[in-house]
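What follows is one structure encoded as structure tokens, with my remarks underneath.
Hydrogens, waters and symmetry mates play no part in the numbers below; they use all other heavy atoms, side chains included.
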Amino acid sequence: MNYKLIAIDIDDTLLDDQKNISTKNKLMIAQALAEDVKIVLCSGRPHKAMIKYADKLNIKGSDQYMITNGGAIIENMHGEFIMQKTLSNEFYRNFVAFTETNDLSYCVFDVHGNIYTSNNYNINQYTVAMAFENNDGLHIRKPEDLSTNFEITKAVINGDEPKLDEITNFIKDPFADYFVVRTGVGYLEIFPNRVNKGNAVAFLANKLGIDLQEVMTIGDRDNDIPMLKVAGTGVAMGNATAGSKAVCDYITTDNNHDGVGNAIEKFLEI
């Protein structure tokens, strides 16, 4: 197969457990880029928390792209938006009211990747971790402190795994009209309906005139399932969830053993 685009998740896929990109992952990505294969980082993270990894991989220019915020935004490497979908101010206010009623820790992201919460009395460690990865602080604001046209790309409920295991179905019921998914340890995220990595990959491929059979996707968690299913070749990591492995075409090694690099080497035959 002549692959033209490879979409790669970041956390626990491209990165090892120490948040580093292995030498082999870098080498294989560099060789793919040299063969004019588009490498698209595709993450729930916002731009600010992704760009440093794109820079390390030398992914740059107006004809290279990132999928950020779990598929809500597609942008080129000059920061120009190709696609943007948001949750309304009404949703934002209702969501905050829901978290307050149910005593849940939360944060939300705007289109610029800024992170907001009003849990100033009890900020969850996972909220702090998201702000740290974003390298831009955490904005403590109540809905009434922000403009009436303030919209968000996603809402996140934070908690430890037993807590999220307990409340996931409880959360999915009132937000049944949205895409609700666990994106990592400590994170239950809510996106606009039909916003997911799979639809974003399909949109970008169509815009670039690339057949989905010429697309490879690599991921590890349930929020990667839509892109694993939509691509001609979906690759799950050795450390992937059971759901991801069930829908993929191939299982590579884990994130601590060059899973991304090994998959690229195998399928691009480089």
Side-chain angles (χ1 to χ4, degrees), residues 11 43-50 67-73 81 83-200 221-223 225-226:
D11 293 291
S43 175
R45 292 179 181 227
H47 175 102
K48 294 176 184 177
M50 293 174 62
I67 295 172
T68 70
N69 296 276
I73 293 175
F81 286 5
M83 184 196 77
Q84 172 185 328
K85 295 187 178 181
T86 57
L87 293 160
S88 69
N89 185 263
E90 180 183 10
F91 170 90
Y92 163 62
R93 291 171 181 265
N94 289 338
F95 171 77
V96 174
F98 176 85
T99 63
E100 291 175 346
T101 298
N102 293 283
D103 194 26
L104 299 171
S105 182
Y106 84 92
C107 61
V108 300
F109 289 67
D110 70 11
V111 296
H112 304 293
N114 301 310
I115 305 177
Y116 296 81
T117 188
S118 57
N119 291 141
N120 57 311
Y121 64 92
N122 184 23
I123 298 176
N124 185 278
Q125 62 175 315
Y126 295 105
T127 304
V128 174
M130 294 187 100
F132 177 79
E133 288 175 347
N134 205 34
N135 197 32
D136 194 40
L138 179 64
H139 301 272
I140 311 298
R141 301 285 191 277
K142 294 182 178 180
E144 56 266 30
D145 297 329
L146 297 165
S147 66
T148 55
N149 62 357
F150 177 75
E151 296 186 344
I152 60 175
T153 56
K154 65 177 180 176
V156 186
I157 293 174
N158 301 116
D160 58 28
E161 289 296 272
K163 175 68 173 179
L164 294 187
D165 288 342
E166 176 187 337
I167 67 172
T168 294
N169 289 333
F170 168 73
I171 301 301
K172 285 185 175 181
D173 186 41
F175 296 104
D177 292 334
Y178 301 88
F179 181 51
V180 182
V181 67
R182 299 275 284 275
T183 60
V185 176
Y187 310 118
L188 176 63
E189 304 195 0
I190 304 172
F191 299 91
N193 189 28
R194 292 190 55 76
V195 165
N196 59 59
K197 294 183 180 183
N199 286 337
R221 292 195 68 91
D222 288 358
N223 63 318
I225 289 175

- Message: Set out, in order, the CA-CA distance, both residues' side-chain angles and the distance that settles ring pair (Phe, Tyr, Trp, His ring centres under 6.0 Å) for Y178 and F191, then state yes or no.
- Response: CA-CA 6 Å; Y178 301 88; F191 299 91; over 10 Å; no
What heavy-atom pair brings [X] and [Y] nearest, and what distance separates the two atoms?
{"X": "A131", "Y": "G137", "result": "CB-O, 3.8 Å"}
{"X": "I67", "Y": "G71", "result": "CG2-CA, 3.6 Å"}
{"X": "R93", "Y": "P143", "result": "NH2-O, 3.3 Å"}
{"X": "Y92", "Y": "R141", "result": "OH-O, 4.1 Å"}

- Message: Would you say that more than 12 heavy atoms from the other residues, nucleotides or ligands in this model lie under 6.0 Å from the CZ of F81, or not?
- Response: yes
- Message: Using a 6.0 Å cut-off, check whether atom CD of E161 has over 12 heavy atoms from anything other than its own residue.
- Response: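 More than 12 heavy atoms, drawn from other residues, nucleotides or ligands, come within 6.0 Å of this atom.
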- Query: On the ring face of F109, is K154 found with NZ or CZ under 6.0 Å from the centre and within 45° of the axis?
  - Reply: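 K154 over F109 ring: yes.
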- Message: Assess the residue pair Y106 and F98 against the criterion (ring pair (Phe, Tyr, Trp, His ring centres under 6.0 Å)); give the C-alpha distance rounded to whole Å, side-chain angles, the decisive distance to 0.1 Å, and a yes or no.
- Response: CA-CA 10 Å; Y106 84 92; F98 176 85; over 10 Å; no
Can you tell me how far [atom2] of [Y] sits from [atom1] of [X], rounded to the nearest 0.5 angstrom?
{"X": "C107", "Y": "I115", "atom1": "SG", "atom2": "CD1", "result": "5.5 Å"}
{"X": "T86", "Y": "I73", "atom1": "OG1", "atom2": "CD1", "result": "8.5 Å"}
{"X": "L104", "Y": "T99", "atom1": "CG", "atom2": "OG1", "result": "6.5 Å"}
{"X": "T183", "Y": "L188", "atom1": "OG1", "atom2": "CG", "result": "8.0 Å"}

- Message: Can you pull out every salt bridge (Lys or Arg N to Asp or Glu O under 4.0 Å) where at least one residue sits in residues 163-174? Sequence neighbours excluded, please.
- Response: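 Found D165-R182.
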- Check ion pair R45-D11 (N to O, under 4.0 angstrom): yes
